[in-house]
Structure formats: C-alpha cells, structure tokens
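Working notes, beginning with the structure itself.
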Number of protein chains: 2
Amino acid sequence: MSVVSLHEPSHRETLWELEAAFARGDTVSVFGECTVEYDGRAASSLGPGARLLVLKPDGTALVHTDEGRTPVNWQPPGSEHRAAVRDGRLRVRSTRTNPSETLNVRFSAVDHLAAYAVTGGRSVDVVGSEADLKARILEEPSLVADGFEPQATERETDAGPVDVFGVDADGHPVVVELKRRRVGPDAVGQLARYVSAVEREEPDGTPVGGVLVAPSVTDRAAELLAEEGLDHVAVDRLVAETDGTELEETDVVGDDDTVG
Amino acid sequence: MSVVSLHEPSHRETLWELEAAFARGDTVSVFGECTVEYDGRAASSLGPGARLLVLKPDGTALVHTDEGRTPVNWQPPGSEHRAAVRDGRLRVRSTRTNPSETLNVRFSAVDHLAAYAVTGGRSVDVVGSEADLKARILEEPSLVADGFEPQATERETDAGPVDVFGVDADGHPVVVELKRRRVGPDAVGQLARYVSAVEREEPDGTPVGGVLVAPSVTDRAAELLAEEGLDHVAVDRLVAETDGTELEETDVVGDDDTVG
DNA sequence: GCCTAGGTCCCGTCA
DNA sequence: TGACGGGGCCTAGGC
C-alpha cells in the first residue's frame with residue numbers, strides 16, 4: 001500500500017493533498033499547531049496547541065491531544081470534511097446535519113501529513129458480552145432459579161424490552177435483567193421498571209418476580225434490591241470461565257528485540 | 001516542532017523509532033498491515049487489514065479502521081506500550097492492570113510512522129452541559145414550578161444523589177432530575193428511584209414531588225411519568241438559547257481556496 | 001481504590 | 001427515522 005506523506009508542508013500543499021486524499025478515500029493523519037472550535041449539541045473552544053487530527057473517508061473527524069482515549073473534539077461518521085486556506089491559516093471544517101454540528105480546526109502550521117488507504121476487516125467478535133450471558137442462561141435456566149423456565153427474550157413491556165422473561169416453579173412470571181459486569185443502582189431501577197410494567201399487565205395480585213443476573217452488585221444496589229423485593233444471582237463473566245491464556249502463550253519469556 | 005517520519009521502514013527501523021518516540025514522550029501514528037488481539041474485560045480478534053495505530057505518551061493506544069468514531073480496538077490511558085520484533089513481524093503490545101488487559105497489534109508491514117510532540121491545551125470548556133442547566137434552574141427556580149425553592153444540589157439519598165432538591169409552594173419536598181437532552185424511560189426510572197428514597201425518609205404520608213427537567217421526553221417516558229405521578233418541565237437547551245452563530249460568522253460566503 | 005452519574009457519549013437493532 | 005439499551009463504554013467528582 002502506498003502512503004503520501006508531507007513534511008512541514010505549506011498550507012497550499014496541505015490543501016492540495018487533503019483534496020487528493022478525500023478523493024481517494026484515504027484516511028489522513030495531520031500533526032500541527034491548531035485551535036479547535038465546536039458548535040452543535042454543545043459548544044466548545046480549544047486554544048492553540050500541537051495536536052493530531054485524523055480524518056476518515058466515512059466523515060469521522062478526531063482531534064487528539066497527548067492524553068486520553070477520548071478525542072478532545074470530534075465529529076461523528078457521516079460528516080463532510082472540507083479544507084480551505086483563510087487568513088493565512090489552514091482550516092479543516094467538518095459539518096453534519098441532524099443534529100446540525102460544526103467542527104472547525106484551524107492550523108497555524110502543519111508539521112506533518114500522511115494519507116493512507118485504510119482497508120480490511122472493521123468489526124471484531126467480542127466475547128464476553130451480555131448476549132453471551134443470555135445464551136448461558138437459556139442453556140442452563142436453573143442458574144436463575146430452581147425450576148425457572150424461560151419463555152421469551154426481549155419481551156416488550158410498557159417500560160421497554162425485558163432481557164429474559166419466564167415463569168418460576170410456581171408458574172408465576174419472572175423478569176430477568178442481565179448485566180455483564182458489576183452493577184449499581186441504575187440496573188436495579190431498570191429491573192424495577194420492568195417488574196412494575198409486568199405487574200400492571202397481570203391480573204391484580206399476581207406476584208411478579210425480578211432477578212438481576214450480574215457478577216456482583218454494589219452495596220447500595222443490594223439495599224435497593226432488598227427494598228424492592230428483587231433478587232440477585234451472581235454469575236461470573238463468561239470470559240473468565242474460558243481458559244483465557246491464548247494471548248499469553250504467544251509471549252514467551254525472555255523477549256529479544258524488545259523496547260519500551 | 002519537529003516530526004520524525006519513516007516511509008515504509010523495516011521492522012528494525014520502526015522498533016528503533018518507537019523506542020525513541022516513547023523516550024521523548026511523543027505521540028505516534030503508524031499506518032500498516034496488521035492483526036489485532038485483545039484480552040481483558042472481554043476478548044476479541046481482528047484479522048489482517050490496513051489500519052491506523054495511535055500511541056500516546058500517557059499509555060493510550062488506539063487502533064482505527066477507515067470507519068467509525070470508536071476505535072476498533074484500544075487500550076485506555078495508564079497502559080504500557082512495548083514493541084518487539086517476533087517471527088518476522090513487528091509487535092506492539094500495550095498492557096495494563098486492574099483490570100488486567102492486553103492489546104496486541106502485529107504488523108506484517110509498516111507503511112508509515114510519524115512521531116510528534118503533541119502539547120498544549122487538553123481540556124475544553126463545553127457549554128450546554130447539565131451543569132449549565134442546573135445553574136439556570138438555580139437562577140430561576142420558578143422554571144421548575146411556581147414557588148419552588150431549591151434547598152440543595154447533589155443531595156444524597158439511599159438511591160443516589162439528587163440533582164436539585166427543594167420544597168414547593170406548600171412546603172412539600174420536591175426532587176428535580178436534570179437532563180440536557182431528550183430522555184427516555186431510564187431517566188424516569190432514575191427520578192422515580194430518588195422520589196421513592198426521599199419518601200422512605202419522610203414521615204408517613206408526606207407527599208414528595210418529582211420533576212424531570214429536560215428539553216423533551218419520549219412517548220414511553222411520558223407514560224411512565226404519568227403512571228408514577230411525576231412531572232415533566234420542558235426547558236430548552238442552553239446552547240440553543242444563545243445566539244449560536246459565532247462559528248458561522250467566521251465563514252464568509254464565497255470561499256476561495258476551498259476543497260472537499 | 002470504589003461508587004455514582006454524565007456524555008457533543010457511540011453504536012447496533014428493531015419497530 | 002426515532003427509540004431504546006449495551007458498552008472492553010470513558011471520564012469526572014466524591015469519599
């Protein structure tokens with residue numbers, strides 16, 4: 001694959017290469033001194049500094065500082081990138097509609113630009129998601145409660161879709177909410193909402209059970225569960241149950257040629 | 001500022017330059033053909049493809065494809081980057097503890113590398129946050145209800161902190177939940193949790209009001225509010241109330257030197 | 001360190 | 001298209 005890279009280009013050179021890169025569908029990285037302004041769902045302004053700007057062919061724009069996983073400013077996919085030279089500065093503007101948002105990056109100097117055709121697989125199979133937990137529960141419903149029988153997943157209620165819905169050993173409805181990680185009060189509120197919604201559907205007086213399936217719960221969540229008469233079932237994360245040593249095996253001790 | 005850039009470097013050259021960049025505290029962008037493996041809170045594997053790898057001096061690692069604002073794989077700040085040549089491939093590994101996580105990027109070929117000292121302001125003042133909405137409410141409490149008197153913000157309850165707590169014209173407690181954007185059932189659940197918690201604290205029978213302050217609510221959220229006896233007050237987002245045309249004014253019609 | 005909730009959350013999925 | 005909830009969410013603020 002070929003890369004186009006410019007070292008300390010003039011604004012005109014940068015402009016030209018950005019145009020070419022957009023036309024090719026390349027992904028572009030730009031290092032330089034810039035200010036950033038954003039206006040849309042919120043608004044922000046960022047003073048001068050040396051930063052990394054990444055522009056993707058799908059309309060994504062990312063402004064990164066030297067810290068943090070989250071870009072300091074950005075524009076989501078679907079935006080439109082345009083570049084121009086104004087007032088002696090290179091301006092890269094990315095706009096989108098619905099909601100209407102504008103990102104404005106103004107470079108006083110561009111120190112480096114690289115354009116490259118990024119291709120290949122984009123999605124990863126993530127193991128250990130809530131979907132995996134659901135499969136595990138459906139495979140072994142007794143994990144939820146002895147005699148529990150699942151009847152539906154994503155069952156709709158007035159309060160939203162229930163992860164797993166079924167009946168207990170007595171035939172009473174049970175709402176199951178699944179979480180892949182330790183949960184706090186919000187998850188209890190979610191489960192309580194679903195239970196209330198099902199109770200409203202049922203004939204008066206029918207008891208409706210609620211079970212929160214998660215690796216663990218915070219103290220406050222436990223209190224709220226007790227107050228609401230709901231249950232918690234601890235189920236370890238699936239990824240922990242597998243022999244997760246594959247990555248390690250590739251890393252033999254005694255590395256040569258190692259830095260960092 | 002100076003940039004070091006390598007065009008189609010050998011693995012040894014890449015290794016050397018990565019070591020130097022890490023030592024200098026530079027931010028690095030690498031374009032090349034790679035596979036990615038991740039193991040930690042979840043696990044994933046990404047087949048061969050041309051991608052962008054960004055390495056920051058704070059330990060952040062980002063693997064980007066040509067689509068999406070979210071990196072296809074990453075490592076959060078605080079991780080440790082190491083590079084090595086193994087089996088004819090350049091391996092960049094980023095690890096962290098608590099939780100224990102490993103990101104493994106293996107390059108069959110590096111097409112471009114650039115290292116640069118990213119510096120300057122990192123944080124932006126975002127206007128239009130929930131904090132701004134709170135200030136607006138405290139400034140003009142009648143927006144919540146005629147005669148509403150705020151008494152505390154972030155008041156603690158058994159169910160978590162209440163955004164704004166006060167009393168209505170009759171002296172009865174009122175719980176206010178603020179949202180900067182249109183809300184769904186989850187926000188209603190949150191408000192209901194807080195109201196229930198305050199009711200538990202109060203002498204039996206004391207009515208406790210609940211008000212959701214948000215630009216708008218979904219139909220389902222409105223139903224749930226009604227069922228819970230809670231109120232909604234529509235307050236437009238603050239950013240919309242300002243003359244949000246600053247960015248536009250800088251963009252005079254009839255751009256010269258515009259591409260894209 | 002954990003807990004709690006916000007976020008320009010992003011993102012997929014489904015009605 | 002909007003709505004709804006998951007996420008390796010990330011991040012800030014308390015305790």
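Every chain is numbered from 1 and lettered A, B, ... according to where its sequence line falls, protein lines coming before strand lines. This is a predicted model, so every value here is computed, not measured.
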Under 4.0 angstrom, heavy atoms only, what part of the nucleic acid is [X] near: base, sugar-phosphate, or nothing?
X: B:Pro185; result: sugar-phosphate
X: B:Ala159; result: sugar-phosphate
X: A:Glu67; result: nothing
X: B:Asn73; result: base
X: A:Ala187; result: nothing
X: B:Pro77; result: sugar-phosphate
X: B:Gln190; result: sugar-phosphate
X: B:Glu156; result: nothing
X: A:Arg96; result: nothing

Closest to the 5' end of DNA chain C, once A:Gly184 and A:Val72 are matched to their nearest nucleotides, is A:Gly184
Of A:Val217 and B:Asp163, the one whose closest nucleotide on DNA chain C sits nearer the 5' end is A:Val217
Whether the side chain of [X] engages the backbone of [Y] through a donor-acceptor N/O pair (distance < 3.5 Å, no angle test) should be reported.
X: A:Arg89; Y: A:Phe107; value: no
X: A:His81; Y: A:Val92; value: no
X: A:Asp58; Y: A:Thr60; value: yes

For [N], does OP1 or OP2 lie under 4.0 Å from any side-chain N or O of [X]?
X: A:Arg180; N: D:dG8; answer: no
X: A:Tyr194; N: D:dC4; answer: no
X: A:Arg181; N: D:dG6; answer: no

Chain A reaches DNA chain C, atoms under 4.0 Å from its heavy atoms, from C:dC3 to C:dC11
By ring-ring contact (aromatic ring centres under 6.0 Å, His included), B:Phe31 pairs with (sequence neighbours left out) A:Tyr116
**Message:** Would the base of D:dG6 count as contacting A:Glu130 through its side chain, where contact means a donor and an acceptor less than 3.5 Å apart?
**Reply:** no
Between A:Leu178 and A:Arg69, the residue closer to the 5' end of DNA chain D by nearest nucleotide is A:Leu178
Check whether any side-chain heavy atom of A:Thr153 lies under 4.5 Å from a side-chain heavy atom of A:Phe165, and answer yes or no. no
| Do the side chains of A:Val72 and B:Arg122 get nearer than 4.5 Å, heavy atoms only? | no
Side-chain contact check for B:Tyr38: nearest option of D:dG8, D:dC4, D:dC10 is D:dG8
If pairing means Watson-Crick or G-U wobble with both distances under 3.5 Å, then the partner of D:dG8 is none
